[in-house]
Amino acid sequence: MMNKVFSFLCLLLLSAKTQAQEPMAEQFRADGKIYVVLAVISIILLVFFIILFRLDRKIKKQEESLKS
Amino acid sequence: MTGHWHIISTLLAKEFKLEFRQKNTLFSSLLFMITTSFVCYHLGQKSLNMTLWSTLFWVIHIFAGFNVTQAHFSSENQGRLLYQYTLISPGHYATYKMIYFSVLLFLLGFVSLLMWLFLGIELQQIYIWLILILINALVLSALLTITSFMSAKLSGNFALISILSLPVLMPHLLFLSKITRSLWQNSPWVMYQKYMLGSGLLVIISMALAFILFPYLWKE
Amino acid sequence: MKWLQTYWWKVLCVVLIFYTFWAGLLNDVPRLPILNESIRNLYFHVPMWFAMVGLLFMAFLYSIKYLSSKNIEYDIKAKSYTEIGFFMGLIGISTGSVWARFTWGAWWIDDPKLHGAAIGILIYLAYFILRNSSNNQTLIARFAAVYSIFAFVNFIIFIFILPRLTASLHPGNGGNPAFSQYDLDNNMRLVFYPAVLGFLILGIWLSSLLHRIHILQKKYDEQSL
């Protein structure tokens with residue numbers, strides 16, 4: 001257990017020191033492009049959930065009409 | 001407890017007597033195993049390495065198991081089933097079928113192993129192979145009692161039994177392949193004992209599950 | 001507000017999924033070799049599997065309930081949960097495959113967890129074939145419930161116990177450091193656990209919708225007879 005904590009702390013320290021070592025998508029994010037991706041995804045999710053809620057309501061209506 | 005065993009042993013004795021009188025299922029499966037093994041021996045053209053041989057051996061054993069159980073359950077006609085339904089409790093029926101199939105499958109595997117030894121396969125630690133055949137027979141019989149009963153009731157073809165049983169057999173087959181690999185690499189016991197333990201556990205779980213679930217299949 | 005009272009869990013689901021995508025893409029992640037940014041897949045691929053196991057577990061419970069009470073509604077519920085669970089399993093396998101192609105170099109490798117996933121798909125495909133193989137409803141319901149129980153136990157053994165015994169490339173098995181050590185630092189946990197919850201609730205919501213559609217279908221069939 002202590003071993004794990006120790007090695008994790010080492011990893012944190014190392015990563016704090018060597019920011020430039022592992023290539024991440026900084027340029028992509030710096031250009032603000034990540035927000036475009038996020039906006040697209042949000043639109044897709046929004047449409048998906050709207051469809052899901054409408055389906056829910058349609059089924060509920062059918063159940064009501066069948067009960068009466 | 002002794003009452004239960006008495007019922008099961010009577011049923012088993014009756015079934016074995018029937019089998020040897022009719023000579024139907026057992027001998028046809030035996031012939032199936034022997035001919036298939038012989039065909040594989042020829043196709044392999046004496047260059048069967050251990051991986052290929054053990055794969056073929058277990059595959060033939062499993063499909064012989066499918067054959068035996070399917071033939072057995074589909075040859076039971078409706079009248080006999082009804083008669084048994086009124087007399088025997090499902091627990092007894094499940095146990096006696098499982099023991100019956102285990103014995104049959106073990107015999108089939110044993111004879112097949114003898115035949116391969118005769119044809120010239122070199123095997124060390126034959127007693128471990130026998131234990132493996134026994135484990136395979138037990139797991140197969142537990143699983144097949146359920147699935148071939150279902151398949152016979154649904155008048156399913158051979159495909160249904162294989163589709164239902166093979167994926168569920170996969171954990172057991174994984175253990176089996178690891179153990180056989182250790183065997184022909186001649187690894188010491190400690191290398192593969194955890195797989196043996198796992199196999200044994202799987203046998204117990206399969207048989208317990210089959211025993212618990214069978215009564216639900218049985219109700220009409 | 002009464003609407004919110006009955007639907008609160010669906011709104012929670014929407015919130016969680018949006019949060020997963022937003023935080024998943026914008027938050028900082030540990031910088032690791034080979035994986036780089038694709039570690040973010042952890043927020044999407046793994047919750048699919050957790051949700052699948054959760055849904056199949058619900059199907060398992062409802063199968064047991066059906067066998068002990070013979071109420072056909074439980075059987076229809078089990079069927080709906082299995083259908084959505086199977087669908088999520090397919091998504092899990094395809095996302096895992098794509099992720100593997102770019103990090104491990106191949107679409108499919110020889111790994112126990114992947115085998116477990118494939119076997120799970122095969123098992124539940126067999127379940128659906130069994131379901132469609134006859135017209136006798138009560139017989140099929142009984143058989144499918146028994147098979148579901150048998151299959152689920154074996155499936156759980158296969159995906160949770162076996163990988164621990166053997167060597168594997170997946171994190172957490174066969175000597176590789178598990179989640180808790182190498183990548184799931186607290187930042188990632190903040191997004192990971194809500195993601196699991198969000199996808200699980202989404203799966204339950206979809207299953208409940210499918211269940212209600214099946215019930216409606218059954219009622220229409222009975223009425224038209």
Side-chain angles (χ1 to χ4, degrees), chain B residues 90 94 139 142-157 159-175 177-179 181-182 191-199 201-220, chain C residues 60 63-70 75 86 110-136 138-168 174:
Chain B
V139 173
L143 180 63
L144 288 174
T145 309
I146 298 240
T147 45
S148 64
F149 187 80
M150 277 203 269
S151 155
K153 277 281 166 75
L154 295 170
S155 55
N157 44 0
L160 191 66
I161 259 200
S162 338
I163 294 172
L164 287 180
S165 320
L166 281 174
V168 187
L169 271 179
M170 277 307 284
H172 164 71
L173 290 181
L174 203 74
F175 280 131
S177 71
K178 295 253 183 275
I179 300 177
R181 199 200 301 178
S182 312
M191 292 282 287
Y192 59 91
Q193 66 179 11
K194 59 179 176 179
Y195 298 128
M196 279 296 228
L197 266 158
S199 272
L201 217 67
L202 211 60
V203 167
I204 297 177
I205 293 178
S206 305
M207 297 191 84
L209 266 181
F211 181 72
I212 295 174
L213 290 174
F214 195 80
Y216 295 106
L217 289 181
W218 188 237
K219 288 188 202 159
E220 278 296 325
Chain C
F60 170 72
S63 294
I64 295 182
K65 268 188 149 170
Y66 171 70
L67 285 181
S68 56
S69 72
K70 290 293 187 286
D75 177 63
F86 177 74
D110 189 21
D111 173 86
K113 244 195 172 123
L114 265 75
H115 287 322
I119 293 301
I121 296 297
L122 284 176
I123 289 183
Y124 285 99
L125 263 178
Y127 174 86
F128 291 126
I129 293 184
L130 180 66
R131 278 240 175 225
N132 289 330
S133 63
S134 160
N135 284 326
N136 186 343
T138 44
L139 194 75
I140 285 293
R142 243 186 319 129
F143 284 3
V146 168
Y147 187 71
S148 165
I149 295 174
F150 209 95
F152 184 73
V153 174
N154 268 314
F155 182 52
I156 288 298
I157 292 177
F158 203 33
I159 58 175
F160 284 126
I161 303 186
L162 277 187
R164 306 219 177 275
L165 290 178
T166 57
S168 158

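Here is how names work: the chains are called A, B, and so on, in the same order as the sequence lines, proteins then strands, and each is numbered from 1.
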To the nearest 0.5 Å, what is the distance between [atom1] ([X]) and [atom2] ([Y])?
| X | Y | atom1 | atom2 | answer |
| --- | --- | --- | --- | --- |
| C:L67 | B:I212 | CG | CD1 | 11.5 Å |
| B:L164 | C:Y147 | CG | OH | 5.0 Å |
| C:I157 | B:L174 | CD1 | CG | 12.5 Å |
| C:I129 | B:L154 | CD1 | CG | 12.5 Å |
| C:I140 | B:K153 | CD1 | NZ | 12.0 Å |
| B:L213 | C:F143 | CG | CZ | 12.0 Å |

| query | Side chain, backbone, both or neither: which part of C:V153 has an atom under 4.5 Å from a heavy atom of chain B? | reply | side chain
| query | Under 4.5 Å between any side-chain heavy atoms of C:L125 and B:I163, yes or no? | reply | no
Interface moiety of [X] toward chain C, non-hydrogen atoms closer than 4.5 Å:
| X | answer |
| --- | --- |
| B:I205 | side chain |
| B:L202 | side chain |
| B:L209 | both |

| query | For C:R131, does the CZ atom sit with more than 12 other heavy atoms under 6.0 Å from it, leaving out its own atoms? | reply | yes
| request: Return the minimal non-hydrogen interatomic distance between C:F150 and B:L143, and the atom names on each side. | output: CE2-CD1, 3.2 Å
